[in-house]
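Below: the structure, in structure tokens.
As the structure is a prediction and not an experimental result, all values here were calculated from the model. Heavy-atom basis, side chains included; hydrogens, waters and symmetry copies ignored.
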Amino acid sequence: MSQSIHSTSPKNIIFMIADGMGVALVSAYREYVNQHADGLRQPCIYNHHLVGQQSTYSFDGWSTITDSAASSTAMATGSKTANGIIGQDKDGQRLESVVEVAKAHGKKTGLVATAEVSHATPAGFGAHVASRNDYFAIADQYFDDKVGDDFKLDVMLGGGRHHFIRPDRNLGYEFKKAGYDVIHTHSELAESTNSQVLGLFSEFGLPMAIDRNPQVIPSLKEMTQSAIKRLDNEQGFFLMVEGSQIDWGAHHHDIVAAMSEIADFTAAFEAALDFAKADGDTLVIATADHATGGMTMGVNEVASWLPEYIRAVTQTPGKIAKDMLLSHDWMQSLTDNIDFTLSSTELNQIYSTYQQNAFTPEQKRVNLEDTLCEIIDRRSNTGWTTGDHTGEDVNVYAFGPGKEAWAGWRENSHTGQQLKAWAAGQDMTSIDPFEAE
Ligand SMILES: [Zn+2]
């Protein structure tokens, strides 16, 4: 049965989640890419495709602020849940996900992430567990929990080898025996043509985009393009892509990491848009699961934000700190990676952290990282109000047939209901975003 091209039911959906990318970070990213901003800025890709906003809050007692597990569950299953829970409600009832509905309706499915593919956001689309920390159980379910006779997921690309290839169980071997390509490097990704693949490119999360060796670790864009190539077929596909570590940068108040991770996500978004433009029957949606860090452009009564100090740093402060501790010449590691002149006060601050005793080498590295983040935040006038998530709504971006159904404001659980309606072959506009659950 061939699907008719109807404006509200595209054949394929690529659903992209920028973890932790609140509205302020998107505005900041536009300034960051406008190298010679003077007068009107060049709009960035997000400005072109903005269609609406969604809520993020979870059902977690009096708290209104979600974590990635509850938000992912809402977007994947159409029901809000409590923080920490994956693919279930608060009573432990299993909630069917868009991946499972799509699979049951003959579509191919995939998950791509720069965190572990068993991490909270992808897990919300592919697993059902009481705790997001049950990484082994999540990985097991990707293999064991079938839809009919089929594996739930055709494509899994990201980090997390540690959760799949273990002393007690080798899911790499099991997937390989079941006909999947199981790959671990950038070149293997390029060589593999199997429509079903498990690609695990690091033990845990991938290195931050700016620290990655592109010869070894694929970018989010490369993983997204590879996933699309494998999934594209007559019956259509659902692909979830997560830019996982924007959130991790923001938790650390590391604006260098956050901007570089947004750049990595943006390149993947552009690649998805290119495919959708050529294909004509693919809807691309991009959004965030929540904001992180309470980031502000401007801080402490200073009304300017100076991204040139962020652009001048060529590795994350965490990686620079690591290099400083491994090198015989800590000053060289600094000047190699920070292309503005540090003041004597800043150098003293760095040197005193470098000299200070710490309980472990890792603690010492973290202390140095924090000092470097502080200096870059101060130079660029980047403010942070919390080390945790924040509760405001996030933007929704869309391109392709059916994007009208995503205009305006919605609950994040309505996002999931719309995705599931689409996967079941129903009209996405049949879900009223203002109707109570
Ligand atoms: Zn998150």
Report, as yes or no, whether the 6.0 Å neighbourhood of atom CG on Asp149 holds more than 12 heavy atoms from other residues, nucleotides or ligands.
no

Donor-acceptor pair between Thr353 and Asn367 side chains, under 3.5 angstrom
no

If you measure only the distance, is there a donor-acceptor pair under 3.5 Å linking the side chains of Thr429 and Asp427?
yes

For Asp89 and Thr81, which I'm curious about, is there any donor-acceptor pair between the side chains at under 3.5 Å?
no

Pair Phe175 + Phe151: ring centers closer than 6.0 Å:
yes

Are Met208 and Lys319 close enough that some pair of their side-chain heavy atoms sits under 4.5 Å apart?
no

Would you call Val99 and Leu153 a side-chain contact if the rule is heavy atoms closer than 4.5 Å?
yes

Under a 3.5 Å cutoff, is there a donor and acceptor pairing between the side chains of Ser192 and Asp181?
yes

If I take atom CD1 from residue Ile375 and atom CD1 from residue Ile338, how far apart are they, to the nearest 0.5 angstrom?
7.0 Å

Has Lys229 got more than 12 heavy atoms of other residues, nucleotides or ligands less than 6.0 Å from its NZ?
no

Side-chain touch Leu419/Phe238, heavy atoms, less than 4.5 angstrom:
yes

Regarding Asp67 and Arg132, does a basic nitrogen lie under 4.0 Å from an acidic carboxylate oxygen?
yes

By the definition salt bridge (Lys or Arg N to Asp or Glu O under 4.0 Å), identify the one residue from Lys103, Lys107, Arg230, Lys108 that meets it with Asp154.
Lys103

With side-chain contact (heavy atoms from CB on, under 4.5 Å) as the criterion, how do Asn34 and Glu31 come out once you've worked through the C-alpha distance, each side chain's angles and the decisive distance to 0.1 Å?
CA-CA 5 Å; Asn34 273 269; Glu31 294 297 302; 5.6 Å; no

Please confirm whether Lys146 makes a cation-pi placement over Phe143, using NZ or CZ under 6.0 Å from the six-membered ring centre and within 45° of the ring normal.
yes

Is any side-chain N of the basic residue among Asp145 and Lys152 closer than 4.0 Å to the acidic one's carboxylate O?
yes

CG (Asp370) and CG (Asp254) are apart, to the nearest 0.5 Å, by 9.5 Å

Could you grab the distance from atom CG of Leu25 to atom CE of Met295, nearest 0.5 Å is fine?
5.5 Å

For Ile138, is there any backbone N or O sitting under 3.5 Å from a side-chain donor or acceptor partner on Gln141?
no

Mind listing the closest non-hydrogen atom pair of Ser118 and His163 along with its distance?
OG-ND1, 2.7 Å

Run the side-chain contact (heavy atoms from CB on, under 4.5 Å) test on Ile183 and Val197 for me, step by step, so that the C-alpha distance in whole Å, both residues' side-chain angles and the decisive distance to 0.1 Å come before the verdict.
CA-CA 8 Å; Ile183 57 176; Val197 68; 3.8 Å; yes

Distance col, row Asp274:CG vs Gln225:CD, nearest 0.5 angstrom, shows 8.0 Å

Determine whether Tyr57 and Thr66 make a side-chain contact, defined as any pair of heavy atoms from C-beta on separated by less than 4.5 Å.
no

Look only at the side chain of Lys403 and the backbone of Val284, and say whether a donor-acceptor pair between them is shorter than 3.5 Å.
no

Pairwise salt bridge (charged side-chain N to carboxylate O under 4.0 Å, His left out) hits with a residue in residues 202-225, at least two apart:
Arg161-Glu203, Arg212-Glu261, Arg212-Asp264

What orientation do Phe269 and Tyr46 show, parallel under 30°, tilted 30 to 60°, or perpendicular over 60°?
parallel

Testing the 3.5 Å rule here: is there a donor-acceptor pair between the side chains of His290 and Ser68?
yes

Verify whether one side chain among Thr360 and Glu362 offers a donor that lies under 3.5 Å from an acceptor in the other.
no

Fit a plane to each ring of His253 and Trp384, take the angle between them on a 0 to 90° scale, and name the class: parallel (under 30°), tilted (30 to 60°) or perpendicular (over 60°).
parallel

Ser413 versus Glu411, side-chain donor and acceptor atoms under 3.5 Å
no

Kindly indicate whether the side chain of Phe237, heavy atoms from C-beta on, has any atom under 4.5 Å from the side chain of Ile228.
yes

Determine, step by step, whether Trp422 and Ser9 satisfy the side-chain hydrogen bond (donor to acceptor under 3.5 Å, both in side chains) criterion, reporting the C-alpha distance in whole Å, the side-chain angles of both residues, the deciding distance to 0.1 Å, and the verdict.
CA-CA 6 Å; Trp422 163 80; Ser9 69; over 6 Å; no

Check against side-chain contact (heavy atoms from CB on, under 4.5 Å), Arg311 and Tyr32:
CA-CA 7 Å; Arg311 289 195 290 264; Tyr32 172 77; 3.6 Å; yes

Compare every heavy atom of Ile65 with every heavy atom of Ser58, then report the nearest pair and how far apart it is.
OG-O, 3.9 Å

For a side-chain contact (heavy atoms from CB on, under 4.5 Å) check, start with the C-alpha distance between Ile13 and Val98, then their side-chain angles and the critical distance, and finish with the verdict.
CA-CA 11 Å; Ile13 289 187; Val98 53; over 6 Å; no

How long is the straight-line distance from CE of Met16 back to CD1 of Ile285, given to the nearest 0.5 Å?
11.5 Å

Salt bridge check, Arg166 against Asp140: does any charged N sit closer than 4.0 Å to a carboxylate O?
yes

Which value, rounded to the nearest 0.5 Å, describes the distance between Thr121 atom OG1 and Met75 atom CE?
6.5 Å

Are there more than 12 heavy atoms of other residues, nucleotides or ligands under 6.0 Å from atom NE2 of His49?
yes

